[in-house]
Amino acid sequence: MSFIRHSARLKHIGGHLKAFNSLSHVNRSLSSASGKDSSEYDLIVIGGGSGGLACSKEAAKYGKKVAVLDFVSPSPQGSVWGLGGTCVNVGCIPKKLMHQAALLGESLKDAKHFGWNVPDNINFSWETLVTAVQNHVRSLNWGHRIQLHDKKVEYVNAKGSFLDSHTIKAVLKNGTEKTMKADNFVIAVGGRPKFPKEVPGAIEYAISSDDIFSLKKSPGKTLVIGASYVALECAGFLTGLGYDTSIMMRSIPLRGFDQQMAQLATDYMESHGTRIIKKCVPVRIDKAADGLLHVTWKDSVTGESRKEPFETVLFAIGRDPETSQMNLEKAGVQLDQQTKKIIANDKEQTSVPHIFAIGDVVQDRPELTPVAIRAGKLLADRLFGGSDVTMDYDKVATTVFTPLEFGTVGMSEEKAIERYGEDNIEVYHAFYKPLEFTVPERKVEQCYIKAVCLREGDQQVLGLHFLGPSAGEVIQGFSAAMRCGLSYHSLSSTVGIHPTCAEEVVKMHITKRSGDDPTVTGC
Ligand code: FAD
Ligand code: NDP
């Protein structure tokens, strides 16, 4: 979808702050102290998202002359936003806030059981939620600009592409071009949601995660296509907010995750009102005169076709790296031929020694904010601070913010069996009942924990998986323990904090192998 076609529909999400337009000039004069001429830098970072901002600020700490370029191309539906990248504007932050809004709806139902006199006809306002979320996002955009200014990083609101391996062209919003040179470059341009080109109507009528968090109009009956992080999280909060929501899943949920956990997470969603249309793929989307989107899809098992109207269709089928318009071939930077992501070594170095890449744009990296941030900081410390510490991409914890959250670190049961063999793996597990679910009589069938361990010796924990309230908060501490070589022996000799859900992790004692009932009873 071309820029021109949609430029008339541009919506501004994050907000560019006019008062700050002069700041880049201030920065420029501050940074010229390093002795380089005005268009030459020690480091130019392309991409002002999680990784790029962290890397540029860290580099400036060493007194280097640093610029960061950030430019947001509009989504096919015309959404654009401010400084900070995916996480701040169209990812983690607005997603977690909308997830929280959905959890509050659930809590309001619980509150009655705890004695609160909550009226039956409580209303929810999508417009109020979007306004509140976008106000917070704008405050973060502002905060990032202030930080760049304070740390003497020059911010250039421009799209960067290479002219040669030491020179880039920066195209500003008004079309003005400028040439910038640097000794080192960091590419941190992230990715954008994919749309299936083979599905007529998809690009014209559907939205993606780039649009949902700023959608002016309440989404109404929604079809979410995809079955990984973004799809499940968006479908989860939309259901929680009261919208009639369906997921269309072509194969399995959360590919790459422990499949027993993934299944339980989606079972919970189904039992709480999300419809899951399994083993189906969209074929076309047509817009009717009344504005409804008629989606035709095919069942890949029976071969049958179905058609149904929706008010909103959201594609969450993965993300493409933003490498196509960077002229990387002019700089000699190699891409993976299939994914078009940048190939980088364990020092984040590309095929060109002074060009580095971090974050989502790099092949075989977990697409997570803290990963991009840590990689960016460590890279700057190596480049300018004499450090030799490299990023450890192993045992990175993550949480899928589904209605019942799923926190996980380390290997899935399938992966551990594949690597070590079933006979060498011990899986400890437990179904448990969060205390806060008891009074409101919430369903607890999917509250489940498992530790995948080696069978020998102290039984090193290879993977820890937790489904339940505040899973991210629970799993974060255990991930630190895993980095210190956590064993089942040390896990089970840890004294729990009562009454919490996290204590169930240290209380697990039933092995899958035993076949005993893993349901936790009593206090
Ligand atoms: P980005 O943050 O994407 O930043 C790249 C920036 O570069 C963007 O501003 C882009 O517009 C800009 N850019 C692109 N090309 C150019 C160019 N040529 N010139 C100048 N600028 C350019 N991660 C988590 O850890 N936790 C979560 O809960 C979580 N939730 C998410 C929810 C959603 C819906 C999505 C989509 C992602 C989520 N993520 C989450 C992933 C997280 O947002 C990314 O891993 C992270 O933002 C990647 O950072 P980055 O620096 O690689 O790229
Ligand atoms: P993923 O690449 O993880 O998953 C893509 C999903 O879409 C899969 O379920 C895939 O199914 C399906 N799919 C792919 N192509 C099609 C198609 N043509 N038709 C129908 N279905 C299709 O992408 P996401 O967008 O969910 O997430 C991107 C990344 O963002 C994640 O890897 C994650 O690292 C990050 N993220 C992190 C979050 C967090 O930390 N909480 C939250 C959200 C995102 P199949 O399995 O069959 O291929």
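Atoms within a ligand are numbered from 1 in the order they appear, just like the ligands themselves. Source: prediction; values computed, not measured. We're numbering straight along the sequence, starting at 1.
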Quiz prompt | Closest to atom 41 (C) of ligand 1 (judged by heavy-atom distance), picking from Glu367, Arg192, Met98 | solution = Glu367

Quiz item: Does Pro196 come within less than 4.0 Å of ligand 2, judged by its heavy atoms?
Solution: no

Practice problem: Check each heavy atom of Thr399 against ligand 2 and say whether those closer than 4.0 Å belong to the side chain, the backbone, both or neither. | Solution: backbone

Quiz item: At what distance is the nearest protein heavy atom to atom 31 (C) of ligand 1, and which residue and atom is it?
Solution: Cys92 N, 3.4 Å

Quiz prompt | Selected option - heavy-atom contact closest to atom 3 (O) of ligand 1, from Val371, Val45, Thr86 | solution = Thr86

Self-check item: Atom NZ of Lys377: over 12 foreign heavy atoms under 6.0 Å
Solution: no

Exercise. Report the part of Val90 in contact with ligand 1, treating N, CA, C, O as backbone and CB onward as side chain, heavy atoms under 4.0 Å; options are side chain, backbone, both, neither.
Key: backbone

Self-check item: Region of Ile317 engaging ligand 2 - heavy atom pairs below 4.0 Å
Solution: both

Exercise. Report, in ascending order of atom number, the atoms of ligand 2 lying under 4.0 Å from any heavy atom of Gly226.
Key: 7 (O)

Exercise. Just need the protein heavy atom nearest to atom 25 (O) of ligand 1, so name the residue and atom and give the distance.
Key: Thr369 N, 3.0 Å

Quiz item: If you measure from atom 33 (C) of ligand 1 to every heavy atom of Ser324, Gly91, Gly48, Gly160, which option wins on shortest distance?
Solution: Gly91

Quiz item: Hey, is Glu233 touching ligand 2 through its side chain, its backbone, both or neither, going by heavy atoms under 4.0 Å?
Solution: side chain

Self-check item: Over 12 foreign heavy atoms within 6.0 Å of CD, Gln338
Solution: no

Self-check item: Protein heavy atom at shortest distance from atom 51 (O) of ligand 1
Solution: Gly51 N, 2.8 Å

Self-check item: Side chain, backbone, both or neither: Glu367 near ligand 2, heavy atoms under 4.0 Å
Solution: both

Quiz item: Which option out of Val230, Leu232, Val396, Val199 puts a heavy atom nearest to atom 26 (O) of ligand 2?
Solution: Val230

Self-check item: ligand 2 contacted by Lys95 (non-hydrogen, < 4.0 Å)
Solution: yes

